[in-house]
S.K.: 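There's a structure below that I have some questions on.
Because the structure is predicted, anything quoted here is derived from the model rather than measured. Order of the sequence lines sets the chain letters (A, B, ...), proteins ahead of strands, with each chain counted from 1.
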Amino acid sequence: MDYQFRDIEKRWQKFWAENQTFKVDNSSAKPKYYVLDMFPYPSGAGLHVGHPLGYIASDIFARYKRLKGFNVLHPMGYDSFGLPAEQYAIQTGQHPAITTETNINRYREQLDNLGFSFDWSREVRTSDPEYYKWTQWIFMQLFNSWYNLESDKAESTDELIRRFENSGTKDLKAVCDDDVRTFSAEEWKGLPDSEKQSELLKYRLTYLRESTVNWCPALGTVLANDEVKDGYSERGGYPVEQKKMMQWSMRITAYADRLLQGLDGIDWPDPLKEMQRNWIGKSVGALVKFPLNSGNAIEVFTTRVDTIYGTTFLVLAPEHEYVTGLTTPEQEKEILDYIDQTKKKTELDRMADTKTVSGAFTGSYAKHPITNEPIPIWIADYVLAGYGTGAVMAVPSGDQRDWLFATKFGLPIVAISDGQTNLDKEADPTKEGTYINSGIINGLNYKEATTTLIAKLEELGAGKAKVNYRLRDAIFGRQRYWGEPVPVYFKEGLPYLIDREDLPLVLPEVDKYLPTESGEPPLGRAENWKYKNELEYELSTMPGWAGSSWYWYRYMASQDDRKQDTFAPAEAIAYWKDVDLYIGGSEHATGHLLYSRFWNKFLKDLGHVVEEEPFKKLINQGMIQGRSNFVYRIIDEEGRGTNKFVSNGLKSQYTTSALHVDVNIVMNEILDLEKFKAFRPEFANAEFILENGKYICGVEVEKMSKSKFNVVSPDDIIERFGADTLRMYEMFLGPLEQSKPWNTNGIEGVFKFLRKFWKLFHDDEFNFNVSDEEPSKAEFKALHKIIRKVEEDIERFSFNTSVSSFMICVNELTDLKCNKRKILQELVVVLAPYAPHITEELWSLLGNSAGKLSVAAYPQFNPEYLVENEFSYPVSVNGKTRMNLNISLSLSQAEVEELILANEDLKKYLDGKTTKKIIFVKGKIINLVV
RNA sequence: GCUCGGAUGGUGGAACUGGUAGACACGCAGGACUUAAAAUCCUGUUCGCCCUAAAGCGAGUGCGGGUUCGAUUCCCGCUCCGAGUACCA
């Protein structure tokens, strides 16, 4: 029979499901390998052809590793809490759980059609109470932990309380809020319980605090920094403003340094690591206090404490809390005007306008901490309230922004190093040279000066070394419905954890998915929803990233394991350890991938998991963009659309308007006219101006979306060509990491390849016909070339080149008319990860036991079949290739040279010149230098 | 501005540590089979010049330089495209 892909694929998908072919055990004599995909949010639109790209790659890799003798964990699940289902619920009143369930079923069907080797018995859904029970449990662990800087890890708050009881805050080194109190053991013991609790909250790794947050009025919720892009919400694109609110936060800053350190040891793409480094934004410097007459001091952060003698003014952010107190009556109008002016600027204005220098003088002075000289205090919007201390010491000779400011306002610019040049034109931040005009550091170099100054400032009590991070603690509450309830209740205004036995705290039913009339989050609508029937629960839910920050551990728990009272049994974690290969998009660089590393480190500190980093190797698959097709409708003189359409190549002769046309009725830019008339019935009688008898469409790359008619569904492709073709074609498109527009042109090449492959096993009448004869040398060579090539390609994730190589191999075997079992059976195994259905079918036709292909042994590469004793050398003269010569590979350089110089054909290229030198690289090239 | 990535035929792309640039596939052109179409198969296909053809000559991997016997690959300078990020003190 001809290659009946529809029948073959359905049959094997059913077989795998019924036999649980890909179910994996938590113990095995084989080495483990964990291949993970970033799990999808099940959106209502279903999968388009771009989504499975990464899944196909990971599935090929997982199947390959199985053949290579690994026990492979390859699971899939759904990140099923999130905004779209809730927005839909607001519009329609339908419970998000129902929408989510429908979408998941649709996703599952589409994924199944692609023939993935997932172990579905381990599926997770973040919105399932049996799953989010453990998300809540982790939240409780964070609540009950603090970060001990001495041991450099998280520890239980019980331990902290014990310390307070024994020695108060003496010698305590902890990551905590700025406003913690110092107290003795006695003082601690004397505190009322409520004050103890409110003090402890300042140390907890998840805490409630009044802070400035990103508030999105349209979504009615706060957002984390990574959910805001250019002042708009990432989801929906609504404006975001700053607002002070009481909010749950995660003390991720405690892990800033470990998050940075950990990047060095993991195999991730460099751009992604760089993004995380920038996001964490570590800068090493010093905190310096400039005393005020009032007895207070202005604290600044600087990375260049060595330039302190060059400080000629201080600049505060307009929002700085001291501004009002420092403004003198004479300057009051100017300052108020300036603050007013900056307030009017939106975030976007401020970003766009970085050229204009502006500011205002407060009229007050601070004292230089070392020289005691008066330093004028200015305000300017180039200093940001949210970074460092919101104040800087301005050193115009060393910092370009300070230089511009000083030049504009006529403030002095003092050189501080003999290495500085051109100070009349610009600042010179050099660290070369020795210091001048710099008191105690005159004559010293950069390193000496820094050490000396820090020691001096510490002695004076005026400063200390300090590492500053750009990373902020992550806001953890969302004023939304469709998320995990926070397992917290309130008593006298203070938060307390619910009992562990009460987990999961199930999301209550509400009448509407909107805030209450008094502005409370939707959970405020739940009736009779009280802890122990009397105490208020927290009404915020957790953000989208909560459930995805630990999900890879839940996959380690088998269905049986999930009956136990743990998120994953210790033995399972000890066996699977971490993810060996993680494939997903780079858009999660500063969100999911950072939070996951944070929670992983935290769970490691508490001894629940074994590895410091969760994802050993990570690959970002490229985004598949849409590729839109257009038809051109001719516009008449009155500007109205006519019933005529002109082909792309002739459109310049007319006035036209471009209309999107469904890409699925266009092949190689040629429009199927009959299908077009069916697609747009109002143009059923349209006339078409053709070129060469064809209507050629225009092309543009855009985002894939329904409104642009450029969505290509995997279901349609599978119906026409089969899943094996789709899998191989997606790989064939180009390097995995590269973004590219989807283009179905060319898929037939892959389909033809699979048919050709099928034909190797069949005679002209399509009878199965495989011979047991001994293969020829050429046949062995073709096979072993592909064995080696595919192995090399998979190891370096170059899937597109292996598809080409398969084509070459099958072309060669077709030319050789090879139908030898010894060759074909091994080829079936090598191709199996890419095209699992057709290979399963042929594997069983070859008489092997059904379904065992996925654990067959990967063929052993034998280099002997590739040994050549002759090579056709390109012979070039002065680097220009002139001819090819077959020469035995056993000859020495001297023998080859002799042969070359004796060659008559070559003489005409030498043009009578003498050969100066012969370059001979064995098996590569011969080059004559004349 | 800074950081990172990229630029190769009509198209997607290949060339892994410097060694025959354009593999593989699409498209296109021509041909075979067929009453015809579809399917399949065969031939050609970087560009330019010369040419009935065979063959030959020249240019060629964004641009300009450099290193080298030899550069798509390494170095320096630039242009354009994409991503991230931003008065970060």
S.K.: Between A:Glu812 and A:Lys785, does any side-chain N to carboxylate O distance fall below 4.0 Å?
M.R.: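 A salt bridge links A:Glu812 with A:Lys785.
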S.K.: Among A:Phe721, A:Phe732, A:Tyr729, A:Trp758, find the residue that satisfies the ring-ring contact (aromatic ring centres under 6.0 Å, His included) test when tested with A:Phe751.
M.R.: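 When A:Phe721, A:Phe732, A:Tyr729, A:Trp758 are each tested with A:Phe751, the ring-ring contact (aromatic ring centres under 6.0 Å, His included) holds only for A:Phe721.
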S.K.: If the condition is salt bridge (Lys or Arg N to Asp or Glu O under 4.0 Å), which residues does A:Asp306 pass it with, not counting sequence neighbours?
M.R.: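 For A:Asp306 the salt bridge (Lys or Arg N to Asp or Glu O under 4.0 Å) partners, ignoring immediate neighbours, are A:Arg304.
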S.K.: Under the rule for salt bridge (Lys or Arg N to Asp or Glu O under 4.0 Å), what residues qualify as partners of A:Lys617, not counting sequence neighbours?
M.R.: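 For A:Lys617 the salt bridge (Lys or Arg N to Asp or Glu O under 4.0 Å) partners, ignoring immediate neighbours, are A:Asp267.
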S.K.: Show the distances under 3.5 angstrom between N or O atoms of the protein and N or O atoms of nucleotides 24-30 of chain B.
M.R.:
unit_1: B:rA25; atom_1: OP1; unit_2: A:Asn811; atom_2: ND2; d: 3.1
unit_1: B:rC26; atom_1: OP1; unit_2: A:Lys752; atom_2: NZ; d: 3.1
unit_1: B:rG27; atom_1: OP1; unit_2: A:Asn668; atom_2: ND2; d: 3.3

S.K.: Rounding to an integer number of angstrom, what distance separates B:rA29 and B:rG22 when you compare their P atoms?
M.R.: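 Looking at atom P only, B:rA29 and B:rG22 are 25 Å apart.
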S.K.: Just N and O in the side chain of A:Tyr873: are any of them under 4.0 Å from OP1 or OP2 of B:rU20?
M.R.: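 A:Tyr873 to B:rU20 OP1/OP2: no side-chain N or O under 4.0 Å.
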S.K.: For A:Tyr3 and A:Phe766, I'd like to know if the aromatic rings sit close, meaning centre-to-centre distance below 6.0 Å.
M.R.: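 They do not qualify: ring centres at least 6.0 Å apart.
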S.K.: Expressed as a whole number of Å, how far does the C1' atom of B:rC49 sit from that of B:rU35?
M.R.: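 Approximately 45 Å lies between the C1' atom of B:rC49 and that of B:rU35.
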S.K.: Looking at A:Asp264 and A:Lys273, is any side-chain nitrogen of the basic one under 4.0 Å from a carboxylate oxygen of the acidic one?
M.R.: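 Salt bridge between A:Lys273 and A:Asp264, a charged N being under 4.0 Å from a carboxylate O: no.
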S.K.: Is A:Asp2 salt-bridged to A:Lys759, cutoff N-O under 4.0 Å?
M.R.: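 Salt bridge flag = no for A:Lys759 with A:Asp2.
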S.K.: Does B:rA86 have OP1 or OP2 under 4.0 Å away from a side-chain N or O of A:Arg470?
M.R.: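 Checking A:Arg470 against B:rA86: at least one side-chain N or O falls below 4.0 Å of OP1 or OP2.
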S.K.: Closer than 4.0 Å, any side-chain N/O of A:Arg277 to the OP1 or OP2 of B:rU85?
M.R.: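 So the side chain of A:Arg277 is outside the cut-off, no N or O lying under 4.0 Å from OP1 or OP2 of B:rU85.
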S.K.: Of all heavy-atom pairs between A:Trp742 and A:Met704, which one has the smallest distance, and what is that distance?
M.R.: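 Of all heavy-atom pairs spanning A:Trp742 and A:Met704, the closest is CB-CE, 3.7 Å.
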S.K.: Which dot-bracket notation, 5' to 3', represents the base pairing of RNA chain B when pairs are defined as Watson-Crick or G-U with both distances under 3.5 Å, crossing pairs as [ ], and inter-strand pairs as |?
M.R.: (((((((..(((......[....)))((((((.......))))))((((......))))..(((((..]....))))))))))))....
S.K.: Can we call the ring centroids of A:Phe61 and A:Phe799 under 6.0 Å apart?
M.R.: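 No: the rings miss the under 6.0 Å criterion.
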S.K.: Give me the one residue out of A:Tyr387, A:Trp403, A:Phe405 that meets ring-ring contact (aromatic ring centres under 6.0 Å, His included) with A:Tyr382.
M.R.: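 Result for ring-ring contact (aromatic ring centres under 6.0 Å, His included) with A:Tyr382: A:Phe405.
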S.K.: Say you pick atom C1' in B:rA15 and the same atom in B:rU3; how far apart are they, in whole Å?
M.R.: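 Each nucleotide's C1' atom is 29 Å from the other's.
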S.K.: Starting from P on B:rA15, measure out to NZ on A:Lys924 and report it in whole angstrom.
M.R.: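 In whole Å, B:rA15 P and A:Lys924 NZ are 14 Å from each other.
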S.K.: Are A:Arg277 and A:Glu274 within salt-bridge range, i.e. N to O under 4.0 Å?
M.R.: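 Counted as a salt bridge, because a side-chain N and a carboxylate O are separated by less than 4.0 Å.
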S.K.: Could you list the protein-to-nucleotides 66-70 of chain B atom pairs, N/O on both sides, closer than 3.5 Å?
M.R.:
unit_1: B:rC69; atom_1: O2'; unit_2: A:Asn927; atom_2: ND2; d: 3.1
unit_1: B:rC69; atom_1: O2; unit_2: A:Asn927; atom_2: ND2; d: 2.7

S.K.: Within the side chain of A:Asn629, is there an N or O that forms a donor-acceptor pair under 3.5 Å with the backbone of A:Val666?
M.R.: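 Not at all, since once roles are kept as given, no pair shorter than 3.5 Å links the two residues.
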S.K.: If we take the P atom in both B:rU73 and B:rU68, what is their distance in whole Å?
M.R.: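 Result for the P pair: 16 Å, nearest Å.
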S.K.: Taking the same atom, P, in B:rA23 and in B:rU43, what whole-Å distance lies between them?
M.R.: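 About 15 Å, rounded to a whole number of Å.
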S.K.: Mind listing the closest non-hydrogen atom pair of A:Cys818 and A:Leu760 along with its distance?
M.R.: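 Nearest pair, atom of A:Cys818 first, then A:Leu760: O-CD2, 3.7 Å.
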S.K.: Quick check on B:rG66: syn or anti? Syn means the glycosidic torsion is within 90 degrees of zero.
M.R.: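 Base orientation relative to the sugar is anti.
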S.K.: Please state whether the phosphate of B:rG13, meaning OP1 or OP2, lies under 4.0 angstrom from any side-chain nitrogen or oxygen of A:Gln738.
M.R.: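 A:Gln738 to B:rG13 OP1/OP2: side-chain N or O found under 4.0 Å.
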S.K.: Set out, line by line, the N/O atom pairs under 3.5 Å between protein and nucleotides 7-9 of chain B.
M.R.:
none

